[in-house]
A.B. asks: 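The structure under discussion is supplied below as structure tokens; questions concerning it will follow.
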Protein chains: 2
Amino acid sequence: MTFRQELLLHMTVDLAILTVRENRLNVLVIERGNEPYRGQDALPGGFVRPWETLDEAARRELAEETSVGGDELYLTVSGIYSAPDRDPRSRVVSVAYLAIAPDLPMPTAGSDAIGARWAPVDAVRATLAFDHAAILADAVELARTRLEFTTVAAAFCPSEFTIGDLRNVYEVVWGTSVDPRNFARKVAHTDGFVVPTGGKRAPETGRPATLYRRGPATTLNPPLLREATVDQASPELEPAGC
Amino acid sequence: MTFRQELLLHMTVDLAILTVRENRLNVLVIERGNEPYRGQDALPGGFVRPWETLDEAARRELAEETSVGGDELYLTVSGIYSAPDRDPRSRVVSVAYLAIAPDLPMPTAGSDAIGARWAPVDAVRATLAFDHAAILADAVELARTRLEFTTVAAAFCPSEFTIGDLRNVYEVVWGTSVDPRNFARKVAHTDGFVVPTGGKRAPETGRPATLYRRGPATTLNPPLLREATVDQASPELEPAGC
DNA sequence: GCAAAAGTGTTCTTGGTACACCCATGG
DNA sequence: CCATGGGTGTACCAAGAACACTTTTGC
């Protein structure tokens, strides 16, 4: 080690793993088993180890909490949190990741957690440990913006889905309603967003819908914009980075 | 310190300070005074100190290199670089910042640098130390995207500027040509982008142009899109974070 | 007058919104 | 038959692209 001791610090990755369950946006939270904030909910996360990149650390943590991984899943940095007092124990800088998953089976608890569960975002928002409420809010806002410019909405869906399922993702994540007819046309006219599987699926009542898989496209050009949100914490842009 | 020693690491902030000089996009580089990469060009940067946030560290470094600061200047995270071997001396995770400045007087050298200077982005790109070429490329791409969705173009201009100056920023940063007539209309019709100062400025030859100051708006709605770049490293989005 | 840059007006086209309407199924 | 969700066609409108044309200066 060639640098000064007093400049050393810890880094963690924290994960905001989002999914749509029962028409609500849910996030995976763990119940903390240790002080501080013992017994309170928190986002899953852990220390970055010396030989791994942040992305690797995030994927490792994700694998510990859920059973998915690899191409199934969308994973990207959503923010960096560096307030010196954000962890009462010592200096910890956290890199937050947004993960988007289809409606998964129940999660498994990690090492320093009592239990893991899905919780509606609105319900847990107020009760999270550390600065995780802010991390979650930023991650959700990022997810909303990504729906506008990329094809990630499909990452919320299982491998086969209908246009109605996809529209439901937009409605739940944005918290708005989307015109079904214009939405269907928009998706169909965006090359590579979805590809038909040939199958159909009948709803409880009504005409069966064609089934689709994710297509190769990653960006939406032109984008699928929601109503202009009032100029608040302006959604900003960054290349994928690490 | 309550956490394990072997998980400690160093963090730095690196700055990609961009400006437009002589119709080219320039970046501030320093000449390294120490090994490794002694004598080679690098982006300015330094260690994050125990009591400061990343933003504070970035502003401190910026003040050491240039004379500007505060509201004059646009400063935002552009990426995180965490490859374990990116610094041969020890584990260093770097948070990169994009800074946008008007054409400034000559920069001053920092502590561990021999000299600081402006260099055209294309010229230095290939010769930078560490992974700074990648950091610079990502920062430039972010700047290009920000021009589309925000009013930062004005941060490249001095306090008073013409529509032509502003258009020149777009042309230089994007590397394309922009229709002067449509551009002028677009800027004029975007509330709060620019406000006229009342003054005029005569070019070498031609009709004098009205002078403007930056307006209060930060986002461009609707955006000012360049030709759709081929779906490569898709420009992605994130909230400002820390 | 001429060159050059500023600025206006107009046409064409693209793509979004709103909505009327038809389709296919279960009950 | 009706209710319900899937899917098509079309009229309208906002905004970008292209470009003819006018304005205002220096030479």
Side-chain angles (χ1 to χ4, degrees), chain A residues 23 147-149 153 157 160-172 174 176-213 217 219-229, chain B residues 23 147-149 153 157 160-172 174 176-213 217 219-229:
Chain A
N23 287 325
L147 288 195
E148 297 184 289
F149 294 96
C157 297
E160 290 203 326
F161 54 89
T162 67
I163 299 289
D165 294 339
L166 197 62
R167 180 171 51 84
N168 189 244
V169 168
Y170 277 88
E171 295 189 325
V172 169
W174 284 351
T176 62
S177 61
V178 176
D179 185 295
R181 294 139 324 169
N182 293 333
F183 181 82
R185 206 188 345 253
K186 175 82 187 181
V187 171
H189 286 31
T190 304
D191 285 350
F193 192 171
V194 296
V195 293
T197 64
K200 298 244 174 203
R201 193 180 68 197
E204 296 138 19
T205 169
R207 170 176 170 177
T210 27
L211 286 168
Y212 296 86
R213 264 195 305 275
T219 57
L220 250 38
N221 217 301
L224 188 44
L225 301 171
R226 51 183 161 152
E227 319 307 312
T229 37
Chain B
N23 286 327
L147 288 195
E148 297 185 288
F149 294 96
C157 297
E160 289 204 329
F161 54 90
T162 68
I163 300 290
D165 294 340
L166 196 62
R167 180 171 52 84
N168 190 244
V169 168
Y170 277 89
E171 294 189 326
V172 168
W174 283 352
T176 62
S177 61
V178 176
D179 185 292
R181 293 138 325 168
N182 292 334
F183 181 82
R185 207 187 343 255
K186 174 83 186 180
V187 171
H189 287 29
T190 302
D191 285 349
F193 193 171
V194 296
V195 293
T197 64
K200 297 243 176 206
R201 193 180 67 196
E204 297 138 19
T205 169
R207 172 176 169 176
T210 29
L211 286 168
Y212 296 86
R213 263 194 305 275
T219 57
L220 250 39
N221 217 302
L224 189 44
L225 301 172
R226 50 184 162 152
E227 318 308 308
T229 36

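Labels below follow one simple rule: chain letters A, B, ... track the order of the sequence lines, proteins then strands, and each chain is numbered from 1. Below, all heavy atoms of this structure are taken into account, side chains as well, without hydrogens, waters or symmetry copies. This is a predicted model, so every value here is computed, not measured.
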A.B. asks: Round to a whole Å and report the spacing from CZ of F183(B) to P of dA18(D).
C.D. replies: 16 Å
A.B. asks: Determine, step by step, whether F161(B) and L166(B) satisfy the side-chain contact (heavy atoms from CB on, under 4.5 Å) criterion, reporting the C-alpha distance in whole Å, the side-chain angles of both residues, the deciding distance to 0.1 Å, and the verdict.
C.D. replies: CA-CA 7 Å; F161(B) 54 90; L166(B) 196 62; 4.2 Å; yes
A.B. asks: Would you mind reading off the distance between F161(B) atom CZ and dA6(C) atom C1', rounded to a whole angstrom?
C.D. replies: 16 Å
A.B. asks: Identify whether any heavy atom of R167(A) sits under 4.0 Å from a base atom; if not, whether one sits that close to sugar-phosphate; answer base, sugar-phosphate or nothing.
C.D. replies: sugar-phosphate
A.B. asks: In whole angstrom, give the distance that lies between atom CG of D179(A) and atom P of dG15(C).
C.D. replies: 18 Å
A.B. asks: Between the side chains of R201(B) and D165(B), is the shortest nitrogen-to-carboxylate-oxygen separation below 4.0 Å, so that they form an ion pair?
C.D. replies: yes
A.B. asks: Do you know which two heavy atoms are closest between T190(B) and L220(B), and how far apart they sit?
C.D. replies: CG2-CD1, 4.1 Å
A.B. asks: Nearest whole angstrom, please: distance from the P of dG6(D) to the CG of L166(A).
C.D. replies: 12 Å
A.B. asks: What is the minimum heavy-atom distance between I163(A) and V187(A), and which atoms define it?
C.D. replies: CD1-CG1, 3.8 Å
A.B. asks: Which heavy atom in W174(A) sits nearest to a heavy atom in L225(A), and how many Å separate them?
C.D. replies: CH2-C, 4.1 Å
A.B. asks: Could you tell me whether A184(B) contacts a base, only the sugar-phosphate backbone, or nothing, with contacts defined as non-hydrogen atoms closer than 4.0 Å?
C.D. replies: nothing
A.B. asks: Let's go through T176(A) and E171(A) carefully: what are the C-alpha distance in whole Å and the side-chain angles of both, what is the deciding distance for side-chain contact (heavy atoms from CB on, under 4.5 Å) to 0.1 Å, and is it a yes or a no?
C.D. replies: CA-CA 5 Å; T176(A) 62; E171(A) 295 189 325; 5.5 Å; no
A.B. asks: Round to a whole Å and report the spacing from CZ of R201(A) to C1' of dA24(C).
C.D. replies: 16 Å
A.B. asks: Which heavy-atom pair separates P208(A) from P203(A) by the least distance, and what is that distance?
C.D. replies: CA-CD, 3.9 Å
A.B. asks: Atom NZ of K200(A) to atom C1' of dC23(C): distance rounded to whole Å?
C.D. replies: 10 Å
A.B. asks: Along nucleotides 20-27 of chain D, 5' to 3', which nucleotides get a B, which get an S, and which get a -, given that the test is a protein heavy-atom distance under 4.0 Å?
C.D. replies: BB-BBBS-
A.B. asks: Mind listing the N/O atom pairs, protein and nucleotides 11-17 of chain D, below 3.5 Å?
C.D. replies:
unit_1: dG16(D); atom_1: OP1; unit_2: K186(B); atom_2: NZ; d: 2.5

A.B. asks: Give the minimum heavy-atom separation between A217(A) and F193(A), together with the two atoms involved.
C.D. replies: CB-N, 4.0 Å
A.B. asks: Show the numbers, then the answer: is there a ring pair (Phe, Tyr, Trp, His ring centres under 6.0 Å) between F183(A) and Y170(A)?
C.D. replies: CA-CA 10 Å; F183(A) 181 82; Y170(A) 277 88; 5.3 Å; yes
A.B. asks: With a 4.0 Å cut-off on heavy atoms, is T210(A) in touch with a base, just the backbone sugar-phosphate, or nothing at all?
C.D. replies: sugar-phosphate
